[in-house]
There are 2 protein chains.
Amino acid sequence: MNAKMYTRDDMIELLRKHGINPTHQRIEIAYALFSKQEHLSADQILAIVNTKHSETSKATVYNTLNLFVEKKLIREVIVDPSKVFYDPNTYEHHHFYDVVSGHLTDIDAADFKISGLPQLPAGVITEGIDIIVRIRPQGVAA
Amino acid sequence: MNAKMYTRDDMIELLRKHGINPTHQRIEIAYALFSKQEHLSADQILAIVNTKHSETSKATVYNTLNLFVEKKLIREVIVDPSKVFYDPNTYEHHHFYDVVSGHLTDIDAADFKISGLPQLPAGVITEGIDIIVRIRPQGVAA
DNA sequence: CCAATTATTGGACTTTGTCTAATGATTTCA
DNA sequence: TGAAATCATTAGACAAAGTCCAATAATTGG
């Protein structure tokens, strides 16, 4: 929620901190995500980084986003069957998903009081828990 | 988990109960889902209903699954960016998702003790809460 | 500065899912 | 019953998201 201002230099530092070589394209993609502080899809990011003149290819955007996810710089949010959203906020949190507008909003993990967890199947470890609260504007029909 | 045996007649009754005209194809698709009691994707269902000889088109499978979801006969499960799973179990429950094998398992809603819910944004209603516990076999690397 | 590695690229390709226009099946009710 | 209206199915074209590939470009380390 805090509208922290990021510079491209911040991005370089951030990438290095995650063991990612800070190339031009990667800096721009990171900058798009972190300066907006929003949940963007790959095609939105592609559009943003190419607003002035085409600078980054589709392949690079996908490569880079997957790399960022792998290096835990960002998180994938899977709520819409048709596209993945990328979330620059890696602090533990969950999501409201407006099924009408497609808009995603953060929920602080602390706002969920989960006092009991289900028994894990044998031999597995937990990767993470994703909670999606699907919402709809009052009065808008299903 | 209970391995209830379903007949095609059960499917006809079930479809009628949900206001769905029980056609041949719809009966077969419902039967595939309910007799397996598993989470199937559209292409798996297409394969199942056409095992003996081709009887149902891709368009019909998609039409029918969307209709079933709309009529709340089944539920969509969105965990994998590449495909939707359909879940014949409409009882309130959540999911384990094995990120390595792609396998889905049910979690009874009662096994989660959620004692606090986040404040909803103004003017919206809740459609439902989806909880995905992402798991991975112990020892298998990320 | 050269060689080796690493990154980017356009475009072909794959997969999931939708759309369309035509056909086929059912229902309605005069 | 039988003609019209409605509803369901179909093949195949299409769309969109994402991957793959082989070639080129940039970067890095010695």
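Because the structure is predicted, anything quoted here is derived from the model rather than measured. Per chain, numbering begins at 1; letters A, B, ... match sequence-line order.
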Rounding to a whole Å, what distance do you find between [X]:[atom1] and [N]:[atom2]?
| X | N | atom1 | atom2 | value |
| --- | --- | --- | --- | --- |
| A/D80 | D/dA17 | CG | C1' | 11 Å |
| A/H24 | D/dA26 | NE2 | C1' | 10 Å |
| A/D43 | D/dA15 | CG | P | 16 Å |
| B/Q25 | D/dA11 | CD | P | 10 Å |
| A/R26 | D/dA25 | CZ | C1' | 14 Å |
| B/N50 | D/dA11 | CG | C1' | 13 Å |
| B/L46 | D/dT9 | CG | P | 14 Å |
| B/L15 | D/dA8 | CG | P | 12 Å |

For this session: Would you kindly compare A/V84 and B/A59 by the position of their nearest DNA chain D nucleotide and give the one closer to the 5′ end?
Result: B/A59
Problem set entry | Position toward the 5' end of DNA chain D (nearest nucleotide), B/N21 or B/P81 | B/N21
Pairing donors with acceptors under 3.5 angstrom, does anything connect the side chains of [X] and [Y]?
| X | Y | result |
| --- | --- | --- |
| A/T7 | A/D9 | no |
| B/D87 | B/H95 | yes |
| A/D80 | A/S82 | yes |
| B/S41 | B/D43 | yes |

Exercise. When we call it a touch if two heavy atoms are under 4.0 Å apart, what does A/T23 touch: a base, just sugar-phosphate, or nothing?
Worked result: sugar-phosphate
Exercise. Within the structure shown, what part of the strands sits under 4.0 Å from A/S41 by heavy-atom distance: base, sugar-phosphate, or nothing?
Worked result: nothing
Exercise. Of all the choices, D/dA13, D/dT19, D/dG18, which nucleotide is nearest to the side chain of B/K58 once you look at every atom?
Worked result: D/dA13
For this session: Output yes when at least one side-chain N/O atom of A/N66 is less than 4.0 Å from OP1 or OP2 of D/dT19, else no.
Result: yes
Problem set entry | Side-chain N or O of B/T60 closer than 4.0 Å to phosphate OP1/OP2 of D/dT9 | no
Exercise. Can we call the ring centroids of B/Y86 and B/H39 under 6.0 Å apart?
Worked result: no
Problem set entry | Given DNA chain C, 5'-ward residue of the pair B/Y86 and A/E55, judged by closest heavy atom | A/E55
For this session: Mind checking salt bridge (Lys or Arg N to Asp or Glu O under 4.0 Å) for B/R8 and listing every partner two or more places apart, or none if nothing turns up?
Result: B/E28
Exercise. Same cluster for A/F112 and B/I107 if Ile/Leu/Val/Met/Phe/Trp/Tyr side chains link at under 4.5 Å?
Worked result: yes
Exercise. Just the endpoints, please: which first and last nucleotides of DNA chain C, 5' to 3', lie under 4.0 Å from a heavy atom of chain B?
Worked result: C/dT16 to C/dC19
